[in-house]
Each structure stands twice: as C-alpha cells, then as structure tokens.
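The structure presented is a predicted model; accordingly, all values stated were derived computationally and were not measured.
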Amino acid sequence: MRAVFFDMDGTLLDTIEDIARSMNHVLHDLGFPIHDIGQYKLFVGNGMEMLVERAIGLSPDTDIWTSAMQMMEKRYAGHCMDRTVPYPGIMEMLDALWSRDVRTAVLSNKPDLFTKKMADRFFGASGFDLVRGTIEGIPHKPNPAAALDMASRMGIAPEEIVFVGDTGVDMATARSAGMYPAGVLWGFRDKDELVSNGAKTLVKAPSELLDLVLSRS
C-alpha cells in the first residue's frame, strides 16, 4: 500500500470527553437533559449537525436545533483541546510510516476548521499530505467523494490506500471508494459494527496497523 487515510476522532485522537462536555454545556443552557460520555460514543461519527440532532432529539428544521448548533460550534471552538489527546502509540506509528515514505492523510466528518486546527496542534508540521474535515458542498462520509478527491490530488489509486477508522461510517467509506477498510478497536464503536460494515482487518493497537500497512506494501 502506498498511502493510509485516517479518520480523526476515535482513531488518531481521543476527543470524546471534550465533545461530550461541550455538548452537555449547551444542553444545560437550553434546559435539555445531559448525556453521559458513553452515549456520545454513539452520537458522533456523522458530523456535528447529526451530533446536535441526536443530543437534543430534534431535527435541523427547528429553531432550537439552529440555536444549539450555533452554541455548540462556539463552545467547542474554545474547548476542543482541553482533554483531547492522541491515543497511545499513535505518534510512534505515524513516525514509522513517515520514515518509510508511506503517504498519509486525514479525512474527518468534523468541521474542516476544527480538523485542521487539531491536526496542527497535535501533529504539528507533520507528514500528512492532506487534512480535511467537512466542507460545504462536499458530502460527508460515508459518501466516497471526499476520499476519492483526496486520492486524486495525491496521485494515488484508491486500491493502493488503506482507509483506517473506528466506525461503520469509515468502513463504508472505504468500501465505496475502493480502498482497503481497516477498523481500529480502541475507538468509539465495537467490533460488530466494524465487521458488519465491511472491515477486512481489525487492529487492537497502532503497532498492528503499522505491520498491516508494511505487509501490504
């Protein structure tokens, strides 16, 4: 394999506590019940709009959803890196890939501004060729449009790319894009969801992912 595309939340970074605390702050201010962190592991994965919809239980065509969305964007902007950290072994795995000239990219359903901000904060002047979150006019994962556009920009055929993520959304994206779907077990969803959405390999630690990529190169 010539390249690896990574999801961000639940794959590279453990973001769940900052997401939960930010959304719960909004819910409290609006008079809605808050949720525990475990519930947020089921709310995330399809973008911030869907997170807000799931958290408040109201659709985007309501005024309260619009207010909640605006409040969440503002709250998370100021607190998205309070407790977020890379998962153990991630930096070592990335450094090993980059030292072997394996090309890498990040594709998240998190808004593009946050995705780039957090990639810069935690990975600095890294070896990622591209970092992209959700952009207006380009469908969210599992639609393969963004993944395929990134592959084209990097000049790499989809079948030469391992797509790594922790949710069924990521596995479905990989399959639709013609990339190799690899599911990680340290993230927000379980083995059954990954397998049922087409994961060809499951990895328990970043070092196993490195072995997978190198063995298929």
Side-chain angles (χ1 to χ4, degrees), residues 1-20 36-46 51 81 83-110 115 118-119 121-124 126-129 131 133 141-142 144 147 150 156 158-217:
M1 293 295 181
R2 294 179 57 201
V4 186
F5 284 10
F6 293 95
D7 172 52
M8 178 172 275
D9 297 50
T11 301
L12 294 174
L13 299 176
D14 185 356
T15 57
I16 201 66
E17 189 170 355
D18 285 333
I19 292 171
D36 62 35
I37 290 178
Q39 194 66 28
Y40 279 98
K41 291 183 178 181
L42 301 177
F43 290 167
V44 299
N46 296 88
L51 163 67
M81 294 181 284
R83 292 168 174 79
T84 290
V85 292
Y87 285 100
I90 288 294
M91 291 307 306
E92 293 83 355
M93 178 268 295
L94 290 174
D95 286 341
L97 289 175
W98 295 331
S99 71
R100 292 166 171 79
D101 296 323
V102 177
R103 299 175 68 187
T104 56
V106 175
L107 177 59
S108 175
N109 273 346
K110 185 188 291 293
T115 304
M118 294 169 73
R121 164 65 178 80
F122 292 105
F123 306 110
S126 69
F128 290 122
D129 287 67
V131 175
K141 297 180 295 184
M150 291 168 67
I156 301 177
E159 60 268 23
E160 296 181 291
I161 298 171
V162 177
F163 196 107
V164 182
D166 68 309
T167 71
V169 168
D170 297 311
M171 300 303 97
T173 304
R175 288 191 299 104
S176 297
M179 300 174 184
Y180 185 92
V184 305
L185 297 177
W186 58 79
F188 300 157
R189 303 291 174 80
D190 61 19
K191 171 183 176 180
D192 290 343
E193 177 174 326
L194 294 167
V195 171
S196 65
N197 283 278
K200 290 187 177 179
T201 298
L202 299 175
V203 294
K204 297 179 180 178
S207 59
E208 294 182 16
L209 179 60
L210 174 63
D211 292 340
L212 168 69
V213 173
L214 297 181
S215 70
R216 300 184 66 85
S217 297

Subject >> Minimum heavy-atom distance Leu194-Gly165, with the two atoms named >> reply: CD2-O, 4.1 Å

Original post:
Would you say Thr201's side chain and Ala182's backbone share a donor-acceptor pair under 3.5 angstrom?
Top reply: no

**OP:** Please name all residues satisfying ring pair (Phe, Tyr, Trp, His ring centres under 6.0 Å) with Phe122, sequence neighbours left out, ordered by chain then number.
**Re:** none

Subject >> Side-chain touch Pro88/Trp186, heavy atoms, less than 4.5 angstrom >> reply: no

Original post:
Can you name the residues that form a side-chain contact (heavy atoms from CB on, under 4.5 Å) with Arg103, not counting sequence neighbours?
Top reply: Arg2, Ala3, Asp129, Met154, Ile156

Subject >> Option from Leu97, Leu94, Val4, Val102 for which side-chain contact (heavy atoms from CB on, under 4.5 Å) with Leu210 holds >> reply: Leu97

**OP:** To the nearest 0.5 angstrom, please state how far the CG atom of Asp18 sits from the CE atom of Met81.
**Re:** 9.0 Å

**OP:** Kindly state each residue pair satisfying side-chain hydrogen bond (donor to acceptor under 3.5 Å, both in side chains) with at least one member in residues 161-173, sequence neighbours excluded.
**Re:** Thr11-Asp166, Lys141-Asp170, Thr167-Asp170

**OP:** Quick one: closest heavy-atom pair of Thr15 and Thr84, and the distance?
**Re:** CA-OG1, 3.5 Å

Subject >> Results of side chain to side chain donor-acceptor pair (under 3.5 Å) for Asn197 - residues two or more places apart only >> reply: none

Original post:
In Å, rounded to the nearest 0.5 Å, how long is the span from CG of Leu209 to CD1 of Ile90?
Top reply: 7.5 Å

**OP:** Taking the side chain as every heavy atom from C-beta outward, state whether Val106 and Leu12 have any atom pair closer than 4.5 Å.
**Re:** yes

Original post:
Quick one: side-chain hydrogen bond (donor to acceptor under 3.5 Å, both in side chains) pairs with a partner in residues 87-97, sequence neighbours left out?
Top reply: none

Subject >> Considering all heavy atoms, the nearest Lys41-Arg189 contact >> reply: O-NE, 2.7 Å

Subject >> Side chain to side chain, Phe123 and Met91, heavy atoms closer than 4.5 Å >> reply: yes

Original post:
Ala177 and Pro158: which non-hydrogen atoms are nearest, and at how many Å?
Top reply: O-CB, 3.1 Å

Original post:
CZ of Arg100 to CG of Leu214: how many Å apart, nearest 0.5 Å?
Top reply: 5.5 Å

**OP:** Any pair with a residue in residues 194-206 that passes salt bridge (charged side-chain N to carboxylate O under 4.0 Å, His left out), sequence neighbours left out, goes on the list, sorted by first then second residue, please.
**Re:** none

Subject >> pair Asp14-Phe188: side-chain heavy atoms closer than 4.5 Å >> reply: yes

Subject >> Between CD on residue Gln39 and CD1 on residue Ile16, distance to nearest 0.5 Å >> reply: 10.5 Å

Original post:
Shortest non-hydrogen contact from Met171 to Pro181?
Top reply: SD-CB, 3.8 Å

**OP:** Would you mind reporting whether Tyr180 and Leu212 have side-chain heavy atoms less than 4.5 Å apart?
**Re:** yes

**OP:** Report the distance from atom NZ of Lys110 to atom CG of Asp9, rounding to the nearest 0.5 Å.
**Re:** 3.5 Å

Subject >> Side-chain heavy atoms of Asp7 within contact of Val169, under 4.5 Å >> reply: no

Subject >> Nearest non-hydrogen partners of Ala199 and Gly183, listed with the distance >> reply: CB-N, 4.3 Å

